[in-house]
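Shown next, in C-alpha cells, is the structure this report addresses.
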Amino acid sequence: MRKLVQSFFILVALSVTAFAQERKVTGTVTSNEDGSAIAGVTVKVKEVPNLGTTTTADGKFSLSVPTNAKKLTFSFLGFTTTEVTITSTNVVNVSLKNDAQTLGEVVVTGVGVATSKKLVPIEVSTLSSKDFPKSATTNINQALQGQIAGAQVIQRSGTPGAGAQIILRGFTNLSGTTPLIMIDGIQVQSDLLTDLDPNIVDRIEVVKGSAGGMLYGAQGGNGVIQIFTKKGAKNSKLTIDFSSKYSNDRIIALNDLLATKHHWVTDAAGNILDANSKPIERNPLTGVWNNPTVMPFTIDKTVKNDKTINLPTFDHVQQGNRVANTYANSLNIRGGAERYDYAFGTSYLSQQDVFSNNYSRLNMNLNFGINPVKGLNFRSATQLVSSYDDLLAGNRFNLVNSLQWIDFEWKDPSGRYVVKPSLLTDNNNSLSERDARTVYNKTPRIIQSFNLNYKFPKFLEFDAKYSLDGRAYEGQSHTFNQVGRTQALFWGGNIDGSINRNMQNFRVHYGSASAYLRTDFKDDFNLNIPLKTTTQFTYDARQTKSESFSLTGTGLPAFPPYTITSAGTKSGSDSYSESLVYGFLVNQTFDYDNLFGVSAGFRSDYSSAFGGQGKAATFPRGTVYFNPSEFFKNKSVITNWKLRAAYGEAGVQPGIYDRQVTFDRGSYGESGSYLSTRTTARNPDLRIQTTTELEVGTDLNLTPSKGNWFSDLVLNATYWKRTSEDVLQNAPVAPSTGGGATIDNLVGLKGDGLDLSLDMTTYKSENFNWNLGVRWAKTKTSVTYVSNNIPITNGVFYLAPGGDLGALYMQRPLTSIDQLKPDGTRYIPEASAAGYTVASSGYVVNNANYNVVLTAANDLALVGNVNPDFTASFINRFTIFKKFTVSAQLDWIKGVNTYNQTKQWLYRDRLSTDFDKPVNIGGQEGAFVAYYNSLYNTNTPLSHFVEDGSYVRLRDLSVTYDLTNVLKQKWVRNISVTATGRNLATWTKYKGLDPETNSALTNQGGTITGLGSFTGVDYYGAPNLKSFQFSINVGF
Amino acid sequence: MKKIIALLAIVLLLTNCKKSDLQLDDPNSPTPGGSLASARGVEQFALGMWSKLQPGLNLLSHTTMMHSFMGDEQYTSAGNWGWRYVSQIDKITLPAPYNTVVPNVLGLTQGDQLKALNNLSATNGSQTNALVYEWNMGYYINGQANFLLQAIENPAITLSASKKATLQAWAYWWKGFAYSRIGSMYVAGVINNKTDGTTVSTYSTREQIIAEANVNFDKAAALLAPIAANDAEYAATMNAIIPVFNRPIPNVTITPQMWIRGMNTYKARNIMVNKKVTALTAADLTAIKTLTTAGLVQGDITFLFGISAVAAEGIVGNTQQHPYLWNTNINNAGWNINPSERLTQDFKDGDQRRVKGISTLAVPVVDNQSRGIQFGSRYNFTTIQNGGFWSSQARTGVGAPFTISFAGSWEENALMRAEVEIRSNQIDAGLAFVDQVRTAAASGLAATVGTGLNQADALEELRKERRIGLLLKGLAFYDARRWGLTEKGKGRKDAIVLIPNSVLKITPAGGFTPLPCFIDYNYLDYWDVPVSEFSYNAPVAGGPAIAN
C-alpha cells in the first residue's frame, strides 16, 4: 500500500515537472448571480489535467502554466464547469454560471456515489435551499410541499410540531408511506423533517421509488429523502449568517359550519323552551343550559329549520383559536482552512399554538471535516434538537359541534370554564381543559455521525460511517383534583385528579462500511476506450432499541406538590423492543464516456424479524441510461438529452415480533398477572413483503432561444410501475377460531404513475428575470388480490381485488324511484311508488316522513377516491433589478374526494349549515329537518358526505428585497428583507374548514391502519394555518 | 496508512453482525412453551379467562347493556355498537282519544335493520352491527378455554389432583357459559374444541349449542363433585383464578358445591329462557324444578362481574365497561342511559328499591335525539353512593353492591322455582319464593303468600319481581322474548311513554305527557350468525340455517 502511494506521488511529481513553468496566470472567480467571490473552485490546465489549484477565500487564484497551455477549466459544485482561453495579459477573471437549471449538478442519493446528474440513471429530484419557499419557517416539510413532482407532502394538522404525511409516488404497502429519511448519508428516524431547522439545509434529494431506493435496503421501498446540511468549505473565510423570522398565524376556516336558524319548540316570543315549557336558560352557578325541546320532526315531517335564534350566538371556532405568533431565529457560522472546514450554528423556534400554549425547539449543529493527509477525510456531524411543548389535547370536536348560543368563554362564579355547558349529547367545552390540566412534552435528541473516508490515489476508496440517532422523551399530563367545584361535571376521568408520566428512550445505531473500486480505461490502462467502472461493496447494519415506561397516579392530594408518590392509586407499564437488520450491497457500474451507462447489483438483508435461523432476503437492481445528445453536432437547442431506465426490488419486513407466537399479558392488580391468547394472532409463517419497481424517464435540457424569452428549459419525465406481493395485513378470521385476525401476507398491489417536472427561464434580461417551475404527477395504486378473496372494509374505506387504494365504498341516497337492489328487485315496490318523490336535490324521498331513501347497508358502491387524479404546482420567481424578488407558489390538488365526517356529525345534532337550505319535495319548499336528519345515517358512510376536496392553494407568496448594494457596507456580505404569506388563499368547492386537513379515520375518529389509506376523512382536525411573515437575513 | 487501515478494520468489525445476533425475542410477552411449563403459568392463563370479556370493549358489559335495552329496563338512543337498532321498537300506538300510531323513525323492523347492518362495512367501520359482540364474547372465551384444557394436560407439569380438577372445571364452566350465551341468542352456532386457529364449518342448531353448553357444565360438575368443601388446594386455586375485584366481600370462596348448584341454575335457565311460556311443557317444568331444586340457595356465592378501583388493573378499563358505571349520567352525561318508563312503572307502590334506586330528573328526557319516543324518561338511577343499587358514579368499591351476578344467582333460581310452582298451580308455594327474594332485597313489600292471588295475578307478581329483582343481570330480553312481548303485534299494553305535547298538539308546547300506550316491539327472537363469522367460515352444505 505504501509503495502504491509513493509511486503515485512520484508519478504526480514527474508529470508536473515534465513541463517548463513559463508563465503565471492569475485571476478571480465570481458568481454570475451576485458577483460574489467563490472559494474552493478547482482551476485546472486543460491540456495538463494534473496541473491545477483552487481559489482562495476571496476567489483568487494564481497558477503557473506551461506556454503551450491554451485553456483553463473552472469547476465547482453547483456551477457550470467553464472553459476559458488564457489571454496574453495572463489575467483570467471568470464569472461562473450558477447551475440552477439542473438544480445541483451532482447527486448522491440512490446511486451510492456522487454522480453527475448527466449520468444518473434514476430520477433524483433535488431541491436547493435557495429554492425553498420563503415561508418555510418552522420545518422542512414546509419547504418540500409542492416542490417535487410525485412527492405529496400533506400537512394534515396545523398543530405545532405536527408531522406531514409524505407519499412518494404511490403506495407500496398498506400500513405506511413514510420514506426513509437520511441526513448527510446516514439513516435517521423519519420525524427529522419536523425537527430540523430549514436554515441549515443546503439541499434535499428525493428518490421516489424502490428502483433507486433499494440501495438502502428494505426500508427504501417507500423512497428516500436525503438532507444535505450546509458545510464549510476548505480554504474559505469565515461567514456568518443570521436569519430572523416572525410569523403571524391564524387558522384557515373557509366556511361557516353551523346553521343560523333552529327548529326547537318556542313560545310566542320566540324563546326556546325546555321540557318543562320554560325558556331555556343557563344555570348561573353551574353554567349548564337546560336542554331545549325539539320540534317532533320525525313525526311531523313539515318541521323546518327556519326559526330565528333569539339568543346571542357565538362562533366557537373563533373562540377556541387565537391569532398566534411564531418567532424563529437562526445563526450559522461556516468557514475553513487548508486542512479543515467547519460549520456550526444554533436556532430557536418559538411557536404559539392557535389553540393553546406553545411549542419551542432549540437546534444546535456542529459539522467539521478534517483532511489530515491527502485522500483522507474525517467528518463529524452533530445535530442537537430539543423540543418542548405544553400543548393541550384540545378536543376540536366540540369547537365545531355545539349549540349556537353556548358561550365557551363564560366562566362560573369560581372563575372556571364550564366543562359541559349542555347535557345534550357531547357538547363539552373544549376550553375547559385549560383550567383542568397541564401538560408538557420534552424531547431532547441527538444525531451524531462520524464519517471516515480514504481515497487512494487510484482505484480504491474506503468509506465508513457510524451514526446514532437517540432521543429521550419525557412527558407529563396532570389533571387537577377538581373536588369541590361548583359544577357537577369535571374534566377528565377522575374528579380527584391524576398524573401521568411517560418516558421513552429510542435509539437507532447505524453503521456502514463501503469500498469503491474505480477504473478509467483511458487513464488507468491507457486503452483508447472512454470506459469508467465503479464497483461498490457496502456492508451496513441498523439496530433500533426502544424502551418506555409509563406511570399513572390517580387520586391526588388537595394541595401541591402533586406527585405520583402522593397519589391514591398507582399503576405503571413498561415496554421494550429491539431490532437488527444488516446486509450488504454489491453494485457494478459502467459508464461509456457520457454516452451511456449500465449498472447492476443486488442487496441482501438479514433481519431479526426472521430470527437467527432466517435467510437473507435478496433484492436485485439494475439501471441503464443513454444520452443521444452526445451524437448531436449542434447543441445549441438541445444541450442535453438523456433516456434512462431503472429496475429495483425492495422489501418490507414484518413487525419486529410479528412472527413470534406469544401470549398477551396483563395484570389484575393484587391478583397478579394473567396470560391470554392474542385476539390478533401472530404468524410464524410470515414472509417479507416485496415491491418491484420499474421506472423509465428522460431528462431534457433545451436552450430554445438566444433571446430574452425561453432561454433555458429543463424537462424531466418519469413513468413508473410497481407491483407489491405478500403485502402485510391483518387478515380477519372467524371468531369461532378464538380470535379476530391473523397477521398475514394477504394482499397484492400494483401501481403506476407519471411524474413531470419543468423548469425554465421564461424571460431573462438585464433587469428582469422570470423563472417558472411546474410540477405535475399522477398516480394510481390498485389491489391485485386479497388472498382470501373477501374485501376488507373499515370506515369509509374498502379493499377489494381490482379496486383502487383510497376507494370510498358506501351507501347512497336513491336517485330514482325504480332503483334496483343488487338482487335485481326494486327498492320501492311498484305498488308503493306513488308514496315517493324525487326531491330537488335529486334524492328519493318518502312522502310519508320526508326521509331520504338510502341503498341498503349491504348495497355499497364506489363513490369516489381520496387520492387525487393529479397533483401540480406552479412556482414562479420574478427578479427585478437584481434586488427585488417576487415569488409565488400555487399548489393544485385535483380530483380528490374527501369524506366530510364533520358534517355528518353536525347532521346528527342537526346543526349543520345545510339545515338552513330549503329543499323542494313534491312541490313543498322548506328546510325540512326530517329530510336532512335522515341523511345522518348513524354515521354510517353515505355518499352524501363525499365532497370534491380539490383545491388550489397559494402556498407561498413572498417579496424579497436585497439591500446589500443599497447599504454598501463592507462588513455585510448580504442583507435582505422578506415579506411572506403562507396559505394566503385557497380556491375550493369543499365545504369544510380546510380541505388539506384530513386523515384516515373511522367514523368515531379512530385511526385506520392497514388499509392503504392515509388521508381523506375530515374529522375535526386542527386546520392549517394562514400566516403573514416578515424576515431578515444578514450575512457577514 | 497502517493506522487508517486499522481504523477501517475497527469500523468494519464494529458494524459486523453475526446471524446469532438476529435472534431477538420479544421481551414483553411470554411464549406458550415458556409460560405454560409451570403450574403457576397455567393458573395465570386460567386467570386470563377474564380478559376474554374485554378485548378492547368489555363485551360482557356491552352485551349486558344490550339485553337490558331490548328488555326495556333502560334505554339509549345512541347508535354505537348498534344499540339504537336493537331497541328499534316497531310502533307505538297512543291511547284514545289520540289513537295515533307512531312508527319507528327508520321505517324498518328491528329484524330487517339488524340484517341490513350484518355486513362487513357496518361491522368494522361504523361498528353498528350489534350481532357481533355476544358472538365474539362467546368464542373468545371458548378459544382461551380450549387452550387452557390443552395446557392442563401438558405432561411437563405436575398438578395436584384437586388443582387439576379445579382448573379443568374452570375451563369447562366457561365453555358452558359461552355456549349458553351463544345458544340462547343465535339461531345457530359452531362447536369448536380446537386450539390450532382453525374452526369447524359444520354449524350446529341453537338447541345443539345449548346441549353442548350443558355437556360442558356436566363435565365441570363431575370434576368438582369429589372435591371437599374445605379443600385448601381448591380454595387457593380459586383465589388465583378469580381476581379480587370479582370476588364477594368478605371473600368467601365459592365452594365446589355452590359452583355445582350454580351450574344447575344455569342449566335450568337454559331451558326456561329458550322456550316461550306458552310452549313450556310439564316435562320442561319438571326438568326446571329438578335443576332449580339442586340450584343456588340464599347465601350461595356466585361468579361476579365487579369494578376494580384501579382502572388499569381490572377488566373495567373505563366508565363504559361496567353497566353500573355506564348508566350514570354523571360518568356518561349526554348518553342519557336512564331507566325506562316501562321499568319504573313495574315497581309496586312502596317498594323501597324504587324509593332508593330511582330518582327523578330535573328536566325529563323526551324523544331523545329525535330517534324515537321510546327514548325518554323522567327518571334516572340513583347511584350506589347515594343509596341506590344499579348505578355507580365512581369505581369506589369492590364486592356487593358493585358486582353483578352475570351467570346466575340464587334470586334467579328462587324465581324460577316460583314460576314452576305457580305454573303448576302451587300458587303460595311459588309466591313464597317471590317473597323470599323481596325480603332479602329489603323491598319493604308486604308478603304475597296467603293473599289469595289467582294464577294470573301470581304470575304478574312473578313477572314484576323478575323485572326488579333480576334487574341488569342480563335476563330482561330473555323474559320479554319468552313472554311473547317481542312478537309482532303482541307487545305491551299500557306501557308508559312520554309523548311530546307538540305531537299531541296541546300546550304547554315545550312539554310532554306520559301516556299509557301500546308498544309493538316486534324484535327478532334469535339473531342471525354475524357476517364476521360466516364470511371467514362458510357453512358446509346441509347444515342448519344460520339466519332467520
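So you know, we letter chains A, B, ... as the sequences are listed, proteins then strands, and number each from 1.
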Original post:
By a 4.5 Å heavy-atom criterion (distance strictly below it), what part of A/K570 contacts chain B: side chain, backbone, both, or neither?
Top reply: backbone
**OP:** Name the member of A/S422, A/G572, A/G795, A/S934 that forms the most heavy-atom pairs with chain B at distances under 4.5 Å.
**Re:** A/G795
**OP:** Tell me, for B/V190 versus chain A, whether the close heavy atoms (under 4.5 Å) come from the side chain, the backbone, both or neither.
**Re:** side chain
**OP:** Could you check which of A/G738, A/A930, A/A857, A/P735 has the highest count of heavy-atom pairs closer than 4.5 Å to chain B?
**Re:** A/P735
**OP:** Could you look at B/N28 and say if it's the side chain, the backbone, both or neither that has a heavy atom under 4.5 Å from chain A?
**Re:** both
Original post:
With distance as the sole test, does A/D267 use its side chain to make a donor-acceptor pair with the main-chain N or O of B/G510 at under 3.5 Å?
Top reply: no
Subject >> B/N119 versus chain A, the contacting section by heavy-atom distance below 4.5 Å >> reply: side chain
Which atom pairs, one a donor and one an acceptor, fall under 3.5 Å between side chains of residues 43-54 of chain B and the rest of the protein, sequence neighbours left out?
from  : atom 1 : to     : atom 2 : distance (Å)
B/E43 : OE1    : B/R40  : NH1    : 2.8
B/E43 : OE2    : B/K163 : NZ     : 2.1
B/Q44 : OE1    : A/S673 : OG     : 3.2
B/W50 : NE1    : B/I241 : O      : 2.9
B/S51 : OG     : A/S676 : OG     : 3.4
B/S51 : OG     : B/G48  : O      : 2.6
B/K52 : NZ     : A/T677 : O      : 2.7
B/K52 : NZ     : A/T677 : OG1    : 3.1
B/Q54 : NE2    : B/Q321 : OE1    : 2.7

Original post:
Given a strict heavy-atom distance threshold of 4.5 Å, which part of B/T198 is in contact with chain A: side chain, backbone, both, or neither?
Top reply: backbone
Original post:
Taking A/Y657, A/Y809, A/W264, A/F450 one by one, which has the highest count of heavy-atom pairs under 4.5 Å against chain B?
Top reply: A/Y657
**OP:** Begin with the C-alpha distance, continue with both residues' side-chain angles, and end with the deciding distance and a verdict on side-chain contact (heavy atoms from CB on, under 4.5 Å) for A/T293 and B/V366.
**Re:** CA-CA 8 Å; A/T293 301; B/V366 180; 5.8 Å; no
Subject >> Shortest non-hydrogen contact from A/N276 toward B/A362 >> reply: ND2-O, 3.3 Å
Subject >> Atom group of B/P500 that falls short of 4.5 Å from chain A, counting heavy atoms >> reply: neither
Original post:
Is it the side chain or the backbone of B/V503 that comes within 4.5 Å of chain A heavy atoms, both, or neither?
Top reply: both
Original post:
If you tally heavy-atom pairs under 4.5 Å against chain B, which of A/G739, A/A609, A/P732 wins?
Top reply: A/P732
Subject >> Contact origin within B/Y85 toward chain A - heavy atom pairs under 4.5 Å >> reply: side chain
Original post:
Where do A/G614 and B/K19 come nearest, in terms of heavy atoms and distance?
Top reply: O-NZ, 2.9 Å
Original post:
Side chain, backbone, both or neither: which part of A/Y674 has an atom under 4.5 Å from a heavy atom of chain B?
Top reply: both
Subject >> Contact class of B/N501 relative to chain A, heavy atoms under 4.5 angstrom >> reply: neither
**OP:** Identify the two heavy atoms, one from A/Y936 and one from B/R84, that lie closest to each other, and give their separation to 0.1 Å.
**Re:** CE2-NH1, 4.3 Å
Original post:
Which atom names give the shortest non-hydrogen contact between A/V294 and B/S370, and what distance separates them?
Top reply: CG1-OG, 3.3 Å
Subject >> Structural part of B/A122 lying under 4.5 Å from a heavy atom of chain A >> reply: neither
**OP:** Carefully, step by step, assess B/L22 and A/Y582 under the rule side-chain contact (heavy atoms from CB on, under 4.5 Å).
**Re:** CA-CA 9 Å; B/L22 295 169; A/Y582 67 83; 3.8 Å; yes
Original post:
Quick one: what part of B/A145 sits under 4.5 Å from any heavy atom of chain A, side chain, backbone, both or neither?
Top reply: neither
**OP:** Using a cut-off of under 4.5 Å on heavy-atom pairs, state which of A/N788, A/I790, A/N290, A/V265 scores highest against chain B.
**Re:** A/I790
Original post:
Under a 4.5 Å heavy-atom cut-off, does chain B meet the side chain of A/Q660, its backbone, both or neither?
Top reply: side chain
Original post:
Do A/S736 and B/T199 pass the side chain to side chain donor-acceptor pair (under 3.5 Å) test, and can you show the C-alpha distance, the side-chain angles, and the key distance before you say yes or no?
Top reply: CA-CA 6 Å; A/S736 63; B/T199 184; 2.6 Å; yes
Subject >> Which portion of B/I373 sits near chain A, non-hydrogen atoms under 4.5 angstrom >> reply: side chain
Subject >> chain B contact via A/L273 - which portion, at a heavy-atom distance below 4.5 Å >> reply: side chain
Subject >> A/L489 versus chain B, the contacting section by heavy-atom distance below 4.5 Å >> reply: side chain
Subject >> Atom of A/P791, atom of B/Y536 and distance for their closest heavy-atom approach >> reply: O-OH, 4.3 Å
Original post:
Can you list every salt bridge (charged side-chain N to carboxylate O under 4.0 Å, His left out) pair that touches residues 665-683 of chain A, not counting sequence neighbours?
Top reply: A/D664-A/R678, A/R682-B/D26
Original post:
How about A/K278: does its NZ atom have over 12 heavy atoms from other parts shown lying under 6.0 Å from it?
Top reply: no
**OP:** Would you name the heavy atoms of A/S277 and B/P508 that are closest together and state the gap between them?
**Re:** OG-CB, 2.9 Å
**OP:** Give the member of A/I495, A/N939, A/V733, A/T1002 that has the highest number of heavy-atom pairs under 4.5 Å with chain B.
**Re:** A/V733
